[in-house]
2 protein chains.
Amino acid sequence: MSERAQIRILSVDDHPLLREGIAAVINSQSDMQLVADAANAHDAILQFRKNRPDVTLMDLRLPDMSGVDTTIAIRREFPNARIILLTTFEGDVEIQRALEAGARGYLLKSTPPKELLEVIREVHAGKKRIPSQIAAQLAEHLSDEDLTTREVEVLRQIAEGNRNRDIGEKLFITEETVKVHVKHIMEKLGASDRTQAVAIAIRRGIIHL
Amino acid sequence: MSERAQIRILSVDDHPLLREGIAAVINSQSDMQLVADAANAHDAILQFRKNRPDVTLMDLRLPDMSGVDTTIAIRREFPNARIILLTTFEGDVEIQRALEAGARGYLLKSTPPKELLEVIREVHAGKKRIPSQIAAQLAEHLSDEDLTTREVEVLRQIAEGNRNRDIGEKLFITEETVKVHVKHIMEKLGASDRTQAVAIAIRRGIIHL
DNA sequence: CTTTCCATAACGCTTTGGGGGTATGTGCGG
DNA sequence: CCGCACATACCCCCAAAGCGTTATGGAAAG
């Protein structure tokens, strides 16, 4: 047993059953070792500090903080941290944010264990790896303009069934300004009306319900 | 080892990592045994016929058919099948459909392994078990009127950004009739406009994107 | 020091949405 | 057989949404 070469792994996920599965798959490999796990962002950061894993597998949805923000927090402290995001499925916006946050990999939870192991090894070796399926989805909206902070705020209000006038009152701007934002939102998302804009934004992960 | 008393379990899920986790948890128990697993509905039905498990754990989302429909199919053939639906999280409509389909339990994938084992034992013993958290969510809309088939069709069209007039043309009815449907949809969902109706419908699992 | 982007605002105009009411045919369950 | 739910349709009316255009101040980027 060449202990020296083992890849030390931290698993962060709030689904205990999935953590069990990951643990089983990883511990079946002689060149890998699961050194710790965490069910939330807070614990993940503590475990990272304590164990300094070579590779971290991180769920995108955690009870206390998003996986993306947790990734940012860890990488601020440990810029060389190699983190792979693991998720059921999210819109392209989440993927983009994850990569901007410095994630080295992005995997679906439906990934076959074989591929998970491959990606862990590649990321440990310093590579980045995004499955083609996900890369394709990302590319689809690469040229799209992002919504601004304000536009997302307005969009959230729209999804809650607020009229332009009410949105204006809540955000302390005039109805006219709201209309301008709504127009830009529809243009950027390619929606024909506010309703479709909300549907598209939910699908792409721009807003959550 | 009292082999005689073992609960024979079939696991149906298209996430291999989660299947691994479930397998690990179940096989750690002396009174349970995982006898087969399947990654899709078709295989699930074949495995059920072949193995006649005491308890089946079934994901709600499968590549070829929904877990609810698979449950219906299996229970048509084996009315005594004891099936527990396992899901990440869905709207109350999915839960309701699952129970109507004859599921004996409904668990979230975030359930602690201990509870999973409890539920398996209870369902095997002939009980039904729905966690209080889920039961509460279900109860929240129990008194709500269901949308009719037509109303759901109209709602889907709305989510795609169609105007009432276009919806009418697609469904071969007048714009006036569409308006009536829209009004009923908003009333039943408690939405203030069509946009919020779509948001609520997505959250509750009435329509999917 | 411009140019660009963002947020803000206003005005006029047309289309669409949503509220109210009334009505008719069909099919299903008591 | 009667009632009820459903889908259909038409009416009026006004509020709201969406489209085009113009404009201004601030911040960031070049």
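All values reported here derive from a predicted model rather than from experimental measurement. Below, read A as the first sequence line, B as the second, and so on, with proteins coming before strands; counting in each chain starts at 1.
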Worksheet item: Contact class for B:Thr177 vs. all strands (heavy atom < 4.0 Å): base, sugar-phosphate, or nothing?
Response: base

Response to the item:
Picking from D:dA9, C:dG18, D:dC19, the nucleotide nearest the side-chain atoms of A:Met186 would be D:dC19

Fill in: Phosphate contact (C:dT8 OP1 or OP2) by A:Thr174 side-chain N/O below 4.0 Å
no

Discussion item. I'd like to know if the side chain of B:Lys109 and the backbone of A:Leu17 have a donor-acceptor N/O pair within less than 3.5 Å.
Written reply: no

Worksheet item: Tell me: CD of B:Glu175 to P of C:dG18, nearest whole Å?
Response: 11 Å

Discussion item. Rounded to whole Å, please give me the gap between CD1 in B:Ile167 and P in C:dG18.
Written reply: 10 Å

Discussion item. Rounding to an integer number of Å, can you tell me how far B:Leu155 CG sits from C:dG17 C1'?
Written reply: 16 Å

Worksheet item: When you measure from the side chain of B:Val182, which nucleotide among C:dT8, D:dC10, C:dG18 comes out closest?
Response: C:dG18

Worksheet item: Between D:dG18 atom P and A:Arg165 atom CZ, what is the distance in whole Å?
Response: 15 Å

Item to complete: Check whether the side chain of A:Lys179 and the base of D:dG18 form a donor-acceptor pair under 3.5 Å.
Response: yes

Worksheet item: Of A:Ile173 and B:Ser192, whose nearest nucleotide on DNA chain C comes first from the 5' end?
Response: A:Ile173

Fill in: Atom-pair distance (CD on A:Glu176; P on D:dT24), nearest Å
17 Å

Worksheet item: Which whole-number value in Å describes the distance from B:His184 NE2 to D:dA7 P?
Response: 9 Å

Worksheet item: Think B:Arg150 has a side-chain N or O under 4.0 angstrom from the OP1 or OP2 of D:dC6?
Response: no

Worksheet item: Among D:dT8, D:dG18, D:dT21, which nucleotide sits nearest the side chain of A:Lys183?
Response: D:dT21

Practice prompt. Scan side-chain atoms only and decide if A:Asn164 and A:Arg194 contain a donor-acceptor pair under the 3.5 Å cut-off.
Written response: yes

Fill in: Side chain B:Glu151 and base D:dC6 donor-acceptor under 3.5 Å
no

Worksheet item: Without hydrogens or angle criteria, can the side chains of B:Thr111 and B:Glu115 be said to hold a donor-acceptor pair below 3.5 Å?
Response: no

Worksheet item: Okay, side chain of B:Arg104, backbone of B:Ile83: is any donor-acceptor separation there less than 3.5 Å?
Response: no

Worksheet entry | Nearest-angstrom distance from the residue atom CD1 of A:Ile185 to P of C:dC6 | 13 Å

Fill in: Side chain of B:His181 (C-beta onward), nearest among C:dG20, D:dA7, C:dT8
D:dA7

Fill in: Nucleotide C:dT15, atom P - distance to CZ of A:Arg194 in whole Å
19 Å

Worksheet entry | Flag for A:Asp31-A:Gln6: side-chain donor and acceptor within less than 3.5 Å | no

